[in-house]
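To start, the structure itself, in structure tokens.
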Amino acid sequence: MRSSQIRAKLRRNEPALITMLHYIDPTLYEMTSLMGFDGLWMDLEHHHYSVETAANLMRAARVGVADIIARPAKGEFMRMARLLEAGAQGIMYPRCESAAEAAEVVRWAKFAPVGERGVDGANADAPFCSAPLNPISRKPTMRRW
């Protein structure tokens with residue numbers, strides 16, 4: 001799993017530099033991720049592109065070190081989980097109205113036992129089934145079916 005530039009800066013009490021890209025050309029995500037930004041804000045609440053397009057843009061951004069902060073629409077918990085599986089390092093959840101709603105967002109974003117998010121493991125952050133699912137183990141676990 002990639003380390004988060006934004007999280008590291010916030011832990012040091014430093015500001016993070018984040019920008020938003022409205023276009024869906026992967027080259028823009030590649031270049032912007034290499035330009036020194038800490039994060040790229042991907043707004044899927046107000047823009048028309050799909051999770052598949054978002055995943056390809058996130059993949060393009062991986063040439064640099066910028067985090068992807070994805071914003072699904074309010075209540076889109078399954079889409080939020082898919083964006084995280086595709087490589088988003090964070091979620092910007094819109095118009096959260098209560099502590100109970102915030103807790104629900106966290107449950108959908110976190111793996112068990114903290115949350116309810118399902119495990120895929122076959123994505124770039126896993127990296128493609130070679131990372132252990134047991135956090136105690138340091139060796140990749142490969143199962144043969």
Side-chain angles (χ1 to χ4, degrees), residues 1-135 140-143 145:
M1 191 163 196
R2 288 174 57 138
S3 61
S4 169
Q5 299 296 316
I6 296 170
R7 180 177 268 180
K9 283 200 166 183
L10 293 176
R11 283 185 178 148
R12 295 189 306 264
N13 209 21
E14 297 175 9
L17 182 60
I18 302 169
T19 191
M20 179 194 288
L21 299 172
H22 291 288
Y23 299 107
I24 57 171
D25 182 342
T27 306
L28 292 173
Y29 282 75
E30 290 174 349
M31 289 189 311
T32 307
S33 186
L34 290 166
M35 291 174 67
F37 288 97
D38 299 309
L40 306 177
W41 174 20
M42 182 178 282
D43 189 349
L44 283 85
E45 179 186 25
H46 297 108
H47 296 273
H48 64 277
Y49 51 93
S50 66
V51 172
E52 181 181 4
T53 298
N56 287 326
L57 297 173
M58 287 184 224
R59 186 175 299 111
R62 282 174 124 32
V63 301
V65 297
D67 293 351
I68 295 287
I69 306 301
R71 180 181 178 163
K74 184 176 182 70
E76 289 187 331
F77 298 118
M78 289 303 265
R79 189 175 195 191
M80 180 179 72
R82 289 181 179 136
L83 292 167
L84 289 167
E85 289 295 322
Q89 280 94 354
I91 295 294
M92 179 186 293
Y93 188 76
R95 297 176 310 285
C96 189
E97 297 175 17
S98 68
E101 185 178 8
E104 186 176 17
V105 171
V106 170
R107 272 195 318 276
W108 276 90
K110 300 278 186 179
F111 296 114
V114 177
E116 300 174 15
R117 181 174 159 201
V119 176
D120 175 13
N123 57 30
D125 280 339
F128 301 104
C129 296
S130 65
L133 292 178
N134 181 354
T141 55
M142 301 300 284
R143 294 183 186 178
W145 300 99

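Residue numbers count from 1 along this sequence.
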(request) Take Gln89 and Gln5 through the side chain to side chain contact (heavy atoms under 4.5 Å, CB included) test and state the conclusion after the steps. (result) CA-CA 9 Å; Gln89 280 94 354; Gln5 299 296 316; over 6 Å; no
If only atom types and distance count, is the side chain of [X] paired as donor or acceptor with the main-chain N or O of [Y] below 3.5 Å?
X      : Y      : result
Lys74  : Arg95  : yes
Arg117 : Lys110 : no
Tyr93  : Gly75  : yes
Asp67  : Ile6   : yes
Asp38  : Leu17  : yes
Ser33  : Ala66  : yes

(request) Indicate the ring-plane relationship of His22 and His47, choosing parallel, tilted or perpendicular according to the 30° and 60° boundaries. (result) tilted
Close side-chain approach of [X] and [Y], heavy atoms under 4.5 Å:
X      : Y     : result
Trp108 : Met78 : yes
Pro72  : Ile91 : yes
Leu40  : Ile69 : no

At what distance, to the nearest 0.5 angstrom, does [atom1] of [X] lie from [atom2] of [Y]?
X     : Y     : atom1 : atom2 : value
Thr53 : His48 : OG1   : NE2   : 7.5 Å
Asp43 : Leu21 : CG    : CG    : 11.5 Å
Tyr29 : Asn56 : OH    : CG    : 11.5 Å
Thr19 : Phe37 : OG1   : CZ    : 4.5 Å
Arg82 : Leu84 : CZ    : CG    : 12.0 Å

(request) Just do the side chain to side chain contact (heavy atoms under 4.5 Å, CB included) check on Glu116 and Phe77 with the steps written out, would you? (result) CA-CA 11 Å; Glu116 300 174 15; Phe77 298 118; over 6 Å; no
(request) Decide side chain to side chain contact (heavy atoms under 4.5 Å, CB included) for Glu45 and Glu76; before the verdict, give the C-alpha distance in whole Å, the side-chain angles of both, and the deciding distance to 0.1 Å. (result) CA-CA 9 Å; Glu45 179 186 25; Glu76 289 187 331; over 6 Å; no
(message) Set out, in order, the CA-CA distance, both residues' side-chain angles and the distance that settles side chain to side chain contact (heavy atoms under 4.5 Å, CB included) for Met58 and Met42, then state yes or no.
(response) CA-CA 9 Å; Met58 287 184 224; Met42 182 178 282; 3.9 Å; yes
(message) Applying side-chain hydrogen bond (donor to acceptor under 3.5 Å, both in side chains), can you list everything that pairs with Thr27, at least two apart in sequence or on another chain?
(response) Asp25
